[in-house]
Participant: 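Have a look at this one before I ask anything.
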Amino acid sequence: MRSAHALTLFSLFTLHAPLAHGEADSQIPLQVNSHNPKLAFSPPHYPSPWMDPTASGWEAAYIRAKEFVSQLTLTEKVNLTTGVGWMGERCVGNVGSIPRLGMRGLCMQDGPLGLRMSDYNSAFPGGITAGATWSRKLWHERGLLMGREANEKGVDALLGPVAGPIGRTPTGGRNWEGFTVDPYMAGIALAETSLGIQDGGVIATAKHFIVNEQEHFRQAPEAIGYGYNITESLSSNVDDKTLHELYAWPFADAVKAGVGSIMCSYNQINNSYGCQNSKLLNGILKAELGFQGFVMSDWQAQHAGAATAAAGLDMTMPGDTSFNTGLSYWGGNLTLAVVNGTVPEWRIDDMCMRIMAAFFKAGRTIENEPDIKFSSWSRQSNFFVQAAAQENKEHVNFQVDVRHDHGKHIREAAAKGSVVLKNTGSLPLNKPKFLVAVGEDAGSNPAGPNGCGDRGCDDGTLAMAWGSGTSQFSYLITPDAALQAQTVLDGTRYESILSNYKWDETLQVISQPDATAIVFANADSGEGYINVDGNEGDRKNLTLWKNGDDLIKNVSSICPNTIVVLHTVGPVILTEWYNNPNITAIVWAGLPGQESGNSLVDLLYGKVSGGRSPFTWGRSLGSYGTNVLYKPNNGRGAPQDDFSEGVFIDYRHFDRKFASTERKASKDKNAPLFEFGYGLSWSTFNYSNLQIQPHTNLPYQPTTGNTIAAPELGNFSTDLADYTFPRNIRPIYQFIYPWLNTSSSGKAASADPHYGKTAKEFLPPHAIDGSPQRKLPAGGAPGGNPQLWDVMFTVSATITNTGNATTDEIPQLYVSLGGDNEPVRVLRGFDRIENIAPCQSVIFTADITRRDLSNWDVVSQDWVITKHKKTVYVGSSSRDLPLSAVLTL
């Protein structure tokens with residue numbers, strides 16, 4: 001197998017003409033730009049694959065979608081694929097309606113931890129805290145409850161869950177939206193959450209595809225607003241092997257699970273924008289992974305018209321070229337492109353088929369489609385349906401309470417997703433005589449829990465980070481409130497000083513006899529459109545905010561029983577104080593959501609067992625080996641972010657620098673303080689009796705054969721007069737329509753001076769070819785070649801509770817794939833086994849699939865099991881692995 005850290009290549013299309021304004025929209029010219037040979041690029045992949053009527057799990061949805069789409073006119077098909085514009089309807093994104101068939105416009109709404117821009121909804125724990133539970137059951141339940149809430153509000157597609165970013169750099173602003181830095185674990189969490197959301201009756205949208213690993217320069221206009229002199233968005237440059245084994249891995253799990261939608265990202269990948277990158281969308285996502293749902297653009301992530309359709313984009317959001325321009329790359333331009341043949345009929349049919357199949361697969365129906373019961377743009381009952389144009393004021397907010405008893409899940413998941421990093425005996429608390437809470441992070445935001453738009457500040461306790469991936473709090477239980485309630489029940493004396501800067505007052509309290517001090521500190525981050533204290537989405541460093549480190553050091557220098565609670569979006573540097581003997585416990589409480597204080601009390605008092613860290617805690621920022629690209633490095637062109645580390649991020653990087661399986665204390669600068677998968681429980685466990693059961697499978701066969709020809713559903717007129725703006729409809733300002741402004745000529749309708757080029761002149765070869773296509777060796781079904789999911793081995797081990805408390809254990813299985821330039825070990829199995837009593841033994845089992853033992857071969861473009869020795873390890877973290885055995889293949 002050839003080592004492949006050569007960059008793959010992508011075609012790049014750029015725009016060369018201004019937009020023309022009109023009541024409808026204008027054709028956007030497109031030309032091919034010659035690439036710079038010094039920059040990464042990738043080969044095109046065309047045509048865009050069409051749905052497979054026999055795809056497992058999609059058969060019934062395909063039949064229903066075909067029946068519906070076959071009835072649509074061309075403009076109705078365009079309406080289904082094109083957003084109506086920013087603030088053009090009630091949701092954060094809406095496509096046009098099809099009133100002739102009784103279908104309102106589909107509603108797309110954030111986000112990955114609950115409904116954004118709504119009310120009477122739940123605020124769930126952030127993805128990173130959910131990930132720290134290591135619980136498949138809780139991941140599915142979290143998705144199910146979020147799906148139900150969205151469904152009851154009238155949402156059709158919930159914009160989550162997240163596996164991109166995966167967390168390449170510890171300072172990445174949106175790492176907290178995802179579950180973990182490990183692709184295997186992220187894939188299971190992404191799949192379970194997607195299944196849960198769709199079981200709740202709405203379409204899940206896995207995002208952001210792909211290598212969207214930092215906020216700096218993700219959108220050139222946003223970066224220009226911060227004063228950076230660039231003209232194009234960041235290019236994440238990644239090699240083929242790394243892409244498959246790390247960044248695309250979780251999305252394959254989601255595709256296999258049947259996720260309905262995948263959102264393409266803002267950034268460029270090897271100098272081609274994510275939403276018109278044919279290699280990624282056509283080649284990897286649809287052809288190789290067998291994705292049957294629809295590709296949705298991130299908001300303003302579309303940069304071209306016909307070319308994006310050819311490259312695999314199925315729905316554009318929010319529809320306008322930029323917010324509130326009233327112009328669209330699609331809309332009337334897409335109608336014109338189909339009429340003139342630059343977008344073939346089969347392609348728009350497939351776009352609609354994918355959207356409607358996802359709709360039906362989630363259990364939705366046209367006849368029972370609920371109305372949208374809220375407006376993203378106002379909390380008042382009566383407001384404009386078209387907020388941008390201030391048109392059609394009516395009753396839009398119905399204050400529907402969708403929370404039910406979901407707070408129980410949120411409280412449980414946040415507690416089980418909190419990680420005890422250190423405990424010398426002070427935890428669990430048992431009616432302490434005098435408890436003191438210190439720090440702003442224990443208390444409320446003076447402006448209220450929703451006082452900062454999209455949570456864009458760091459005032460009071462941190463229960464979620466900032467950006468479009470946030471939700472409205474219907475309430476927020478602070479640590480201060482919950483601790484006070486518990487201490488009143490216990491008869492404990494309790495005081496709180498909710499400031500990081502009132503040292504004299506703090507000293508007077510914590511220096512008193514019998515004081516147990518709980519110091520609260522946090523570190524925040526979020527999406528790039530919000531800047532908090534100079535953090536442009538991404539964190540500037542890994543220190544605690546608002547002098548949190550100094551607060552901890554000052555308190556622990558006085559109080560001999562200091563407990564530290566951290567609400568952070570990811571790792572922070574603990575090196576200067578973690579080993580202080582006066583610091584008797586450290587708890588990472590993550591981003592717990594609305595039940596923050598209650599969940600923390602449940603953990604601190606031993607009512608619930610904690611989780612395990614979904615990332616590594618390094619000794620310094622430099623110890624991670626990767627960081628955000630903070631300054632442009634390509635002149636005014638797209639900043640170039642080379643992923644030269646390959647698959648070696650987080651624990652894979654730390655293992656390569658300083659490997660261990662015995663968790664021996666080390667002061668080596670390359671060793672982590674607390675490794676991936678680490679976390680303390682309320683007891684101790686012994687691992688024994690490792691058993692390996694091989695399974696017999698047929699030899700792996702690359703997929704062969706051809707697809708069916710692209711189906712064409714219905715006919716359409718080529719007379720432009722049939723597509724002019726209807727006289728009986730009054731155009732709404734900035735609203736995106738599927739009609740043309742004139743039928744005198746295509747050039748006049750487009751307002752494009754370059755209009756008239758054929759598909760052969762400006763699209764790559766085969767872009768409009770609807771003939772049967774060769775199947776890819778690694779493809780063949782949703783998730784890839786079905787044999788990749790063959791179970792090769794079942795591994796089991798006995799786990800015995802050797803302590804005195806009933807508690808949970810989270811066993812983990814790692815595999816060494818062997819070979820040069822490969823990780824020391826990779827996670828390939830885990831479970832959360834709950835309520836193990838003292839002296840009780842339980843059996844941990846995990847299946848190892850062919851995929852789990854394979855590497856991506858760039859030559860054959862397929863997964864292969866190399867001849868190198870494969871070793872399996874079982875233990876309680878990535879560095880505490882007492883059991884091991886060689887797998888015999």
Participant: For Ser471 and Asn121, which I'm curious about, is there any donor-acceptor pair between the side chains at under 3.5 Å?
Facilitator: yes

Participant: Going by disulfide (SG to SG under 2.5 Å), name the residues that satisfy it together with Cys275, two or more places apart in sequence or in a different chain.
Facilitator: Cys264

Participant: Looking only at heavy atoms, which two atoms of Ala163 and Pro250 are closest? And how far apart?
Facilitator: CB-CB, 3.8 Å

Participant: Look at Glu645 together with Arg168 and state whether they make a salt bridge at an N to O cut-off of under 4.0 Å.
Facilitator: yes

Participant: Go through the steps to decide whether Thr180 and Asp182 satisfy the test side chain to side chain donor-acceptor pair (under 3.5 Å), and finish with yes or no.
Facilitator: CA-CA 5 Å; Thr180 174; Asp182 181 79; 5.8 Å; no

Participant: Of all heavy-atom pairs between Ala220 and Ser233, which one has the smallest distance, and what is that distance?
Facilitator: N-OG, 3.0 Å

Participant: Could you tell me if Asp642 and Ser644 have a donor-acceptor pair between their side chains, going purely by distance under 3.5 Å?
Facilitator: no

Participant: Do Thr316 and Gln302 have side-chain N/O donor and acceptor atoms under 3.5 Å apart?
Facilitator: yes

Participant: Can you spot which of Ile203, Asn94, Thr205, Leu159 makes a side chain to side chain contact (heavy atoms under 4.5 Å, CB included) with Met108?
Facilitator: Leu159

Participant: If you define the side chain from C-beta out and look only at heavy atoms, does anything of Val259 sit under 4.5 Å from Pro161?
Facilitator: no

Participant: Answer yes or no: is there an ion pair linking Lys207 with Asp298, defined by an N-O contact shorter than 4.0 Å?
Facilitator: no

Participant: Can you classify the ring geometry of Tyr226 versus Tyr228 as parallel (below 30°), tilted (30 to 60°) or perpendicular (above 60°)?
Facilitator: perpendicular

Participant: So, do Thr308 and Trp330 sit near enough that their side-chain heavy atoms are less than 4.5 Å apart?
Facilitator: yes

Participant: Do the ring centers of Phe735 and Tyr733 come within less than 6.0 Å of each other?
Facilitator: no

Participant: According to ring-ring contact (aromatic ring centres under 6.0 Å, His included), who are the partners of His208, at least two apart in sequence or on a separate chain?
Facilitator: none

Participant: Salt-bridge test for Arg218 and Glu527: reply yes if a basic N is under 4.0 Å from a carboxylate O, no otherwise.
Facilitator: yes

Participant: Should the pair Asp524-Arg539 be classified as a salt bridge under the 4.0 Å nitrogen-to-oxygen rule?
Facilitator: no

Participant: What orientation do His303 and Tyr273 show, parallel under 30°, tilted 30 to 60°, or perpendicular over 60°?
Facilitator: parallel

Participant: By the definition side chain to side chain contact (heavy atoms under 4.5 Å, CB included), identify the one residue from Thr342, Asp314, Val338, Leu334 that meets it with Arg347.
Facilitator: Asp314

Participant: Testing the 3.5 Å rule here: is there a donor-acceptor pair between the side chains of Gln214 and Thr169?
Facilitator: no

Participant: Under 4.0 Å between a Lys/Arg side-chain N and an Asp/Glu carboxylate O for Asp350 and Lys77?
Facilitator: no

Participant: Just by distance, with hydrogens left out, do Thr171 and Asp538 show a side-chain donor and acceptor under 3.5 Å apart?
Facilitator: no

Participant: At their closest point, which heavy atom of Gln300 faces which heavy atom of Phe323, and how far apart are they?
Facilitator: OE1-N, 2.7 Å

Participant: Do Asn522 and Val569 touch side chain to side chain, with heavy atoms closer than 4.5 Å?
Facilitator: no

Participant: Are side-chain N/O atoms of Gln640 and Asn633 paired as donor and acceptor at under 3.5 Å?
Facilitator: no

Participant: Check whether any side-chain heavy atom of Met146 sits under 4.5 Å from a side-chain heavy atom of Phe124, and report yes or no.
Facilitator: yes

Participant: Do Trp86 and Trp377 have ring centroids that are under 6.0 Å from one another?
Facilitator: yes

